[in-house]
**Student:** 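One structure coming up, written as structure tokens, with questions to follow.
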There are 2 protein chains.
Amino acid sequence: MSERRTRKSPNTIDLVVFTALKDQLAVLLWRTPDAREKWALPWEQPPSDETLDGSAGRIAAEALGALPGWLEQLGAFGNEKRHPSESEISVAFVGLVPAGTPPPVGGAYAWFPVGELPILAARQRTMLDGAISMLRVRMDQSPVAFRLLPPTFTLSDLQHMYELLLGKRLHKASFRRALQAAWLVEPTEEWRSEGRGRPAQLFRYAPRKRRPTQRGIRLDMLTS
Amino acid sequence: MSERRTRKSPNTIDLVVFTALKDQLAVLLWRTPDAREKWALPWEQPPSDETLDGSAGRIAAEALGALPGWLEQLGAFGNEKRHPSESEISVAFVGLVPAGTPPPVGGAYAWFPVGELPILAARQRTMLDGAISMLRVRMDQSPVAFRLLPPTFTLSDLQHMYELLLGKRLHKASFRRALQAAWLVEPTEEWRSEGRGRPAQLFRYAPRKRRPTQRGIRLDMLTS
DNA sequence: TCAATAGTGTCTGTTAGACATTATGGA
DNA sequence: TCCATAATGTCTAACAGACACTATTGA
């Protein structure tokens, strides 16, 4: 009835894993075993009996040594754009790992700042652009910024991450007021001193349920 | 080198097409040619040389006689859930057609209010739930409400559509103020009288570019 | 001491939501 | 005329952004 050996899927799972690197987003790339120096998003033709989410998690864990703190499907990309494989459809996943996560040893993987990317296959380039858009859009629905930070962080760290993702400066007092109103973080007992200046208290991500205030509706951004 | 005849893809394209029907969202379903009365989301194994978007548009046009006013990919759904086909991956698309669009004659298609749906295959049920979530999320990024309305509509029509999609009542004066500030609609010369009460002016969707005001940041909705 | 960063209090213009009022048709 | 709905004006509480100020460290 069912085959004993699992077949390879005719499709691929591709990963766009981000981290924060020196005030820039960075993407995990994999050095292809080809002749020349070539880089690609990690991808694989998964076994047919695996779930999409399962494949993505497994591939990420194999590449990084641990599961990303956040992993979500971006979508399917078809044969109108070239892919390293001959696959028909590639399903892209977006993952986030905290700043400071090193790529696995061996040199097969490396972090590339999104501003200094090598040439990628067209289909993977499209995925990457879509992934960055997705992060912006998902910021206020998922704890994107927190998954790019270590478990404890200063409020300045957090604000810088938001500014990196949004691509604009934020007002310090307003940011902290909004943070307090949203009950997203709780203070720890630790403080961190970095160079000069007053030490900053460390916080951790600890969302509490709050009354769904959600004043008003937003029609502004309808035509971006 | 390349095959002469186009192969069928091992994957499927599935459509979740919505319209507005009596204060409810409704979905286009297709009567399967099986023995018993069974309904399914329209789906197809497209030829391998077609793009994903192209397939979705073609299938929608075949089912409805015209392209939906809005059509966007929802994502890929894998083999962890059952599908009418034996396909490995199904790529779902979400489409919107104006209220009042009839299903094609012949009885093969029908609109079902989302509250009164028949049993669907698990994978298609998951797509449907995802599609509804997507509409909510995309409302303030795409003209979702406008694509569910005819070309001209009253401001009350528009507000009702927003209320239907958001699942909550909106304040009339605030809604209209926000609408005016966003420069999304322009008045026509026509007025419509429905039963008693003052006739309402008809408007059309006509977005103008505006300065990106976008006051503040939204951290509230981070934990929904 | 100065410089630099963390964290907080206050003020002000803007706006969402409430309420009231006018406008205009049908019954 | 009364009623129902459209459309608009006004008031108020809430809030984003600006500014200023204090706090606390290293140089």
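Residue numbers begin at 1 in each chain, while the letters A, B, ... track the order of the sequences.
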**Student:** Measure CG/A/Leu202 against P/C/dT5 and give the value in whole Å, please.
**Tutor:** 17 Å

**Student:** Counting distance alone, no hydrogens or angles: does the base of D/dA18 have a donor or acceptor under 3.5 Å from a partner atom on the side chain of A/His171?
**Tutor:** yes

**Student:** Please report, rounded to the nearest Å, how far the C1' atom of C/dG17 is from the NZ atom of B/Lys168.
**Tutor:** 12 Å

**Student:** Applying salt bridge (Lys or Arg N to Asp or Glu O under 4.0 Å) between A/Arg192 and each of A/Glu189, A/Glu194, A/Glu190, report the one that passes.
**Tutor:** A/Glu194

**Student:** Quick one: CZ on B/Phe77 to OG1 on B/Thr126, what's the gap to the nearest 0.5 Å?
**Tutor:** 7.0 Å

**Student:** Nearest to the side chain of B/Ala173, heavy atoms from C-beta on, is which of D/dG9, D/dT25, D/dA6?
**Tutor:** D/dG9

**Student:** Below 30° counts as parallel, above 60° as perpendicular, anything between as tilted: where do the rings of A/Trp43 and A/His83 land?
**Tutor:** perpendicular

**Student:** Output the rounded distance in Å from CZ (B/Arg198) to C1' (D/dC2).
**Tutor:** 18 Å

**Student:** Mind telling me whether B/Trp30 and B/Tyr109 have parallel, tilted or perpendicular rings, with 30° and 60° as the class edges?
**Tutor:** tilted

**Student:** Round to the nearest Å and state the distance from A/Phe175 atom CZ to D/dC15 atom P.
**Tutor:** 17 Å

**Student:** Assuming nearest nucleotide by heavy-atom distance, tell me which of B/Gly197 and A/Gln180 is located more 5' along DNA chain C.
**Tutor:** A/Gln180

**Student:** Could you tell me how far apart B/Trp191 (CH2) and D/dT5 (P) are, to the nearest whole angstrom?
**Tutor:** 17 Å

**Student:** To the nearest Å, how far apart are A/Leu158 CG and C/dG7 C1'?
**Tutor:** 15 Å

**Student:** Name the nucleic acid region contacted by A/Ser156, choosing base, sugar-phosphate or nothing; use a 4.0 angstrom heavy-atom cut-off, strictly under.
**Tutor:** sugar-phosphate

**Student:** Find the distance B/Gln159:CD to D/dT5:P and express it as a whole number of Å.
**Tutor:** 13 Å

**Student:** Between D/dT25, D/dG17, C/dG17, which nucleotide gets closest to the side-chain atoms of A/Pro199?
**Tutor:** D/dT25

**Student:** Is any side-chain N or O of B/Ser193 under 3.5 Å from a base N or O of C/dG25, one able to act as donor and the other as acceptor?
**Tutor:** no

**Student:** Under 4.0 Å: is that the gap between some side-chain N or O of B/Arg176 and OP1 or OP2 of D/dA7?
**Tutor:** yes

**Student:** For a quick check, tell me whether the side chain of A/Arg177 and the base of D/dG17 share a donor-acceptor pair closer than 3.5 Å.
**Tutor:** yes

**Student:** Would you check, one step at a time, whether the test side chain to side chain donor-acceptor pair (under 3.5 Å) holds for A/Asp53 with A/Thr51?
**Tutor:** CA-CA 6 Å; A/Asp53 295 309; A/Thr51 67; 5.5 Å; no

**Student:** If you pin A/His160 and A/Arg196 to their nearest nucleotides in DNA chain C, which one's is more 5'?
**Tutor:** A/Arg196

**Student:** For A/Gln201 and D/dA23, what is the distance between atoms CD and P respectively, to the nearest whole Å?
**Tutor:** 17 Å

